[in-house]
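Since the structure comes first, as structure tokens, the remarks are kept for the end.
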Protein chains: 2
Amino acid sequence: MNPMELYEKVAAQGESVRLLKTKKASKEEIDAAVKELLALKLDYKTLTGEEYKLGSSPTNIAPVSTDGPAVVEDGGDYVDPWTVQTSNAKGVDYDKLIVRFGSSKIDQELIDRIERVIGQRAHQFLRRGIFFSHRDMNQILDAFETKKSFYLYTGRGPSSEAMHVGHLIPFIFTKWLQDVFDVPLIVQLTDDEKYLWKDLTPEQAYKYAVENAKDIIACGFDVNKTFIFSDLDYMGQSSGFYRNVVKIQKHVTFNQVKGIFGFGDSDCIGKISFPAIQAAPSFSTSFPQIFNGQKDIQCLIPCAIDQDPYFRMTRDVAPRIGYPKPALLHSTFFPALQGAQTKMSASDPNSSIFLTDTPKQIKTKINKHAFSGGKDTIEEHQKLGGNCEVDVSYMYLSFFLEDDEKLEKIKQDYSSGKLLTGELKKSLIETLQPLIATHQERRKQVTDEIVKQFMTPRKLAYDF
Amino acid sequence: MNPMELYEKVAAQGESVRLLKTKKASKEEIDAAVKELLALKLDYKTLTGEEYKLGSSPTNIAPVSTDGPAVVEDGGDYVDPWTVQTSNAKGVDYDKLIVRFGSSKIDQELIDRIERVIGQRAHQFLRRGIFFSHRDMNQILDAFETKKSFYLYTGRGPSSEAMHVGHLIPFIFTKWLQDVFDVPLIVQLTDDEKYLWKDLTPEQAYKYAVENAKDIIACGFDVNKTFIFSDLDYMGQSSGFYRNVVKIQKHVTFNQVKGIFGFGDSDCIGKISFPAIQAAPSFSTSFPQIFNGQKDIQCLIPCAIDQDPYFRMTRDVAPRIGYPKPALLHSTFFPALQGAQTKMSASDPNSSIFLTDTPKQIKTKINKHAFSGGKDTIEEHQKLGGNCEVDVSYMYLSFFLEDDEKLEKIKQDYSSGKLLTGELKKSLIETLQPLIATHQERRKQVTDEIVKQFMTPRKLAYDF
């Protein structure tokens with residue numbers, strides 16, 4: 001029985017009791033009816049967490065997200081915010097994910113509209129389907145066209161100092177979004193989450209947050225337009241953040257987070273309530289210093305698709321607390337060097353290219369570990385061609401090689417067998433070596449003072 | 001199976017798999033063993049909320065408080081932080097409560113020690129058993145004797161503007177404790193809790209917090225020694241509070257709060273995680289501005305016994321996060337005018353004497369509504385005597401009439417039948433009218449500016 005049905009059943013039983021009393025029924029009869037009424041009220045309290053009150057219907061009537069189901073487990077694919085697994089070397093089936101999550105595909109029509117609205121070519125991540133799914137992106141474009149403002153929000157869980165190239169994807173794309181739309185950007189570092197989930201002290205998690213902030217800043221964000229914060233710090237610095245966290249927490253039940261995130265009874269209450277903390281930056285009132293208390297500035301969240309469960313929950317809650325639903329742009333997952341079905345791990349330096357790798361390490365890792373779609377012998381490869389769909393070097397190039405023509409030629413030549421695996425890997429090495437070197441150079445320029453500027457709650461270069 | 005047993009079972013199964021592989025068992029055999037291992041790991045994760053990791057045993061092994069059981073439901077008594085019910089006109093059976101909660105009785109020996117240590121007579125609330133139970137009070141006295149500092153922490157849930165005389169009990173007693181021990185006092189106003197539990201906006205709950213603060217300040221606290229805060233405000237003003245909240249939240253599972261507070265799956269995640277917010281002020285690092293980051297200043301909490309479940313939980317967590325356990329002093333409940341087995345309610349003005357009542361209202365309410373232990377006729381009363389144990393006017397006098405001899409005489413005369421109900425009520429009226437009038441006079445002096453001073457995070461008149 002759902003809460004509303006039960007509510008009506010309690011009300012009906014209350015009415016029965018009243019009638020029995022009016023017509024002066026026997027004590028046994030009335031007592032039995034009252035007993036039944038009390039049992040129903042108890043059921044009601046158990047189900048809804050509220051006392052039954054005549055005339056005030058249950059507030060917890062929407063235990064299931066309307067945006068789509070929870071965790072996705074489909075064929076060999078499993079996706080939640082902490083685990084992405086697939087048994088397919090081509091990676092997760094993203095079209096299936098869109099259907100399961102109930103999001104929308106970023107199709108050519110949307111890309112065309114984006115290009116029209118911003119008056120320039122869409123980013124390669126859009127053109128190549130790396131950002132492949134969205135929610136309400138057309139609303140954001142409508143707002144932009146009518147000069148209504150919005151803001152960007154993305155984040156990172158600082159689980160270690162080591163970030164790999166894949167971690168840059170949302171930030172590279174967010175930087176581009178900020179450049180073309182010229183809007184404020186909020187970056188949340190969930191050091192509290194990492195403390196709750198990992199074997200870390202709060203101090204370690206906070207330290208990782210600050211170190212990761214340096215890598216994020218090195219992506220080229222403008223300090224006048226960007227606010228980066230650690231949850232552990234900002235919760236104690238903002239008059240708006242905790243108020244929004246509590247508002248969200250009042251409107252999400254344990255049943256809901258159980259359904260969305262798979263939490264269980266033996267999970268700590270910190271994990272259970274954490275989703276509200278990742279949700280809160282989706283609402284502009286969490287940043288009164290930036291948005292001047294305005295509560296209707298919409299938010300656009302670029303993130304990897306595994307973070308979508310947080311924002312499905314957020315979108316469910318938003319209208320119930322009087323805020324606009326955030327819009328989303330979802331990216332695919334960045335594959336491990338060993339192949340899309342294996343897991344990248346900060347504790348296995350060979351599972352990806354890290355932002356601290358030397359040119360030599362990059363070369364060795366790619367040559368030694370990048371899973372190849374090539375054939376076993378040169379003769380066979382030249383005869384049958386390589387398979388770009390499972391070749392990790394090609395996948396990495398599709399993320400980082402900006403030149404569309406070059407990428408297309410590599411694809412054709414490798415598929416036809418004209419380009420050998422060693423040559424393909426050489427292209428990737430030559431693409432990543434300068435990219436990482438430049439990143440390291442920029443990161444060196446990021447002093448503690450600069451980090452502090454980005455992480456200080458303040459007004460940005462926009463008037464609200 | 002408890003987490004530790006399951007942990008050992010997973011470890012044993014891992015070892016089996018290793019052995020099978022070493023002795024090159026058949027693929028079927030190994031696969032079956034691996035399957036069993038994975039199932040056990042899943043069970044482990046479900047039970048403990050953690051991934052199984054060889055060599056690191058489960059952290060969530062203590063789902064049950066060691067201090068005592070959860071909610072108390074005994075005979076006609078039911079006690080939890082939101083509900084106090086008894087079917088006995090004398091009130092809750094406090095001796096049973098001590099046994100059930102696992103606290104200690106405040107006996108004559110402890111009262112004697114307190115009087116020795118402070119060099120003056122114990123407060124009437126101690127002498128008359130109104131504060132009747134404690135945890136670790138002797139530690140606090142040890143600390144005081146060796147000139148080690150401690151601090152006081154109490155609080156109030158601001159569910160409405162209307163406070164009644166019963167609400168003053170913990171504050172009157174806390175004021176006395178502060179005077180005799182000369183230590184800092186922290187007062188938490190849980191406006192977030194009231195927002196979560198009641199049909200209130202955060203703004204309303206915050207407003208009630210500020211209004212209640214005025215009544216608390218009117219009890220005579222020294223602004224240089226007292227910090228009063230609203231959760232909604234202070235969470236965003238402190239570098240220490242949220243960090244402690246998260247630490248506590250990491251070390252308490254849903255199973256635990258289910259056991260302690262009776263939360264269910266349809267409760268919102270705000271309620272589920274709230275206990276950590278009431279727990280956090282028990283630790284001095286929640287107030288870096290006062291205690292200068294020192295983490296070993298012990299805390300003494302005077303509160304009504306129904307709040308003990310929060311602090312049993314706090315005392316369980318404290319050693320696991322490196323903090324001292326708070327000590328406690330528990331008071332009995334303040335009865336409603338209609339009798340100890342009925343409920344006081346802010347929405348029923350006749351259920352208690354409110355701090356805003358006029359002398360006339362006080363007189364009328366007591367004469368009309370105070371449950372009497374007297375007999376039906378004067379003749380009968382004079383012959384058989386009244387019953388002080390159920391007489392609410394007498395109970396109220398035992399709280400508020402300072403003169404022990406007078407109180408004793410009233411008891412004897414009423415019990416013998418010499419004193420009539422009207423005369424007993426007159427004594428109470430004459431005790432409460434000036435007390436409330438003085439309170440109202442003092443409250444008028446409490447300006448918004450003074451409230452702001454008390455509620456501003458700052459150093460107090462103590463060096464740490």
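Since the structure is predicted, the reported quantities are computational estimates derived from the model, not experimental observations. Residue numbering restarts at 1 for every chain, and letters A, B, ... go by the order of the sequence lines.
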Restricting to non-hydrogen atoms, name the atom on F283(A) and the atom on A318(A) that form the minimum distance, rounded to 0.1 Å. CE2-CB, 3.7 Å

Any side-chain heavy-atom pair of Q188(B) and Q278(B) under 4.5 Å: yes

Pair Q256(B)-I269(A), side chain to side chain contact (heavy atoms under 4.5 Å, CB included): steps then yes or no: CA-CA 9 Å; Q256(B) 287 172 290; I269(A) 59 176; over 6 Å; no

Correct closest heavy-atom pair for I186(A) and F287(A) would be CG2-CZ, 3.4 Å

Apply side chain to side chain contact (heavy atoms under 4.5 Å, CB included) to K207(A) and V210(A), showing your working. CA-CA 5 Å; K207(A) 188 172 162 270; V210(A) 172; 5.9 Å; no

Find out whether the Lys NZ or Arg CZ of K271(B) is both under 6.0 angstrom from the six-membered ring centre of F263(B) and within 45° of the ring's axis. no

Toward chain A: residues of residues 232-243 of chain B with heavy atoms under 4.5 Å: L232(B), D233(B), M235(B), G236(B), Q237(B), S238(B), Y242(B), R243(B)

Could you tell me which portion of V246(A) (side chain, backbone, both or neither) has an atom closer than 4.5 angstrom to a non-hydrogen atom of chain B? both

Does any heavy atom of chain A fall under 4.5 Å from the side chain of Y206(B), the backbone, both, or neither of them? side chain

Backbone N/O of N212(A) and side chain of R156(A): donor-acceptor pair under 3.5 Å: no

